[in-house]
Amino acid sequence: MSQDLPPLNALRAFEAAARLQSVSQAAVELSVTHGAVSRQIRVLEEDLGQALFSKDGRGIKLTDAGLRLRDAAGEAFERLRSSCAELRQQTVDAPFVLGCPGSLLARWFIPRLDRLNRELPDLHLQLSASEGELDPRRAGLDATLWYAEPPWPADMRVYELGEEAIGPVLSPYHPQFTSLRQAPAAALLDQALLHTTSRPQAWPTWAAGQGLAVDRLRMGQGFEHLYYLLEAALAGLGVAIAPQQLVADDLASGRLVAPWGFVRTSARLTLWVPARRQDRRAEQLAGWLRKALG
């Protein structure tokens, strides 16, 4: 019987699939295709002469042999990850890469970036912006800041920073500004409302929270990203809807007003860090964000 280890790529693919209980999620984490992970698992099963997974409806489950190998491989890879994380921390100048949606970055984070750099000078923050989903498992990211809804995945350490509240906003440049700001919320049922195509439920969620008839809402101009939506509102093109944190500075300066208030959603502003990464900077950043949001 061979005393050599099986191919390490095969072990890595198996460990990810067993930990995540999904070949698809393992493929995302490893930045390979679903088929590549499946092939590596087959290589490992052939090397060991035993099946490691069996079909479970439309998914998979571990066999007894798979459970045994999962525990051993998981412990070994976790020790490797922890050791590598400690070694990386010895590089003082290594940046902490934070993924963040572009709208959140532009409207909330950048105005506070100078303060963060003064108060956390050792963080060496590097920002990665996107309006799409920034998967915190993606190679090159240390953490992700975004709005998300529970439950949280088991392979993530999620810092809850604050509840999301959304509400309508309009600019003094709006043609009906004077009359609208004094009108009841029901007046918005007569408006062609600005909205984002990426979050179609924002207006219905707010309307339901105000006791308004959701089916009477009229959608006007749509925008792909929240940043553009708010720029349109600032230009007086209509009434927009946005998370309270992202318009806080505009409300404080009077560039926007929110006469009808905000309603809470089930989402949270969260900082996501892969659980396998041991990085004290994540806790430092989470603490600073809570303070800044407070």
task: Would you mind checking if D64 and R68 are paired as a salt bridge, meaning a charged N to carboxylate O distance below 4.0 Å?
output: no
- prompt: With the threshold set at 4.0 Å, does a side-chain nitrogen-carboxylate oxygen contact exist between R107 and E231?
  reply: yes
From [X] atom [atom1] to [Y] atom [atom2], the distance as rounded to the nearest 0.5 Å:
X    : Y    : atom1 : atom2 : answer
L116 : K291 : CG    : NZ    : 11.0 Å
W108 : L145 : CH2   : CG    : 7.5 Å
E164 : T270 : CD    : OG1   : 10.5 Å
S103 : Y228 : OG    : OH    : 10.0 Å
R19  : Q25  : CZ    : CD    : 10.0 Å
I241 : W206 : CD1   : CH2   : 7.0 Å

For [X], does the [atom1] atom have more than 12 heavy-atom neighbours from other residues, nucleotides or ligands under 6.0 Å away?
X    : atom1 : answer
R112 : CZ    : yes
E283 : CD    : no
E75  : CD    : no
R290 : CZ    : yes
R264 : CZ    : no

field: D122 and Q284: CA distance, side-chain angles, deciding distance, side chain to side chain contact (heavy atoms under 4.5 Å, CB included) verdict
entry: CA-CA 10 Å; D122 296 329; Q284 289 179 325; 5.8 Å; no
Run the side-chain donor-acceptor check on residues 210-221: report pairs under 3.5 Å with partners two or more places apart or on a different chain.
residue	atom	partner	partner atom	Å
Q210	NE2	W260	O	3.0
R218	NH1	D190	O	2.8

With the side chain counted from C-beta on, respond yes when [X] and [Y] share a heavy-atom pair under 4.5 Å apart, and no when they do not.
X    : Y    : result
D114 : R118 : yes
V273 : Y159 : yes
L120 : L125 : no
R157 : W152 : no
P274 : M156 : yes
L30  : R12  : yes
W288 : L123 : no
Q245 : Y147 : yes

- request: Measure across S171 and L234 and return the closest heavy-atom pair with its distance rounded to 0.1 Å.
  value: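 Scanning both residues completely, I find the closest heavy atoms to be OG-O, 3.2 Å.
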- prompt: When you look at L289 and F109, which way does the side chain to side chain contact (heavy atoms under 4.5 Å, CB included) test go after all the steps?
  reply: CA-CA 10 Å; L289 288 167; F109 213 113; 4.0 Å; yes
- request: Evaluate side chain to side chain contact (heavy atoms under 4.5 Å, CB included) for R268 paired with E163, printing each intermediate quantity in order.
  value: CA-CA 5 Å; R268 306 284 187 272; E163 296 180 322; 4.1 Å; yes
message: Could you walk me through whether L256 and L170 satisfy the side chain to side chain contact (heavy atoms under 4.5 Å, CB included) test, starting with their C-alpha distance in whole Å, then the side-chain angles of each, then the deciding distance to 0.1 Å, before giving a yes or no?
response: CA-CA 5 Å; L256 292 173; L170 76 159; 5.8 Å; no
query: With respect to L98, which candidate in D142, T144, L127, L141 satisfies the side chain to side chain contact (heavy atoms under 4.5 Å, CB included) definition?
result: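 So, applying the side chain to side chain contact (heavy atoms under 4.5 Å, CB included) to L98 and each of D142, T144, L127, L141, only L127 qualifies.
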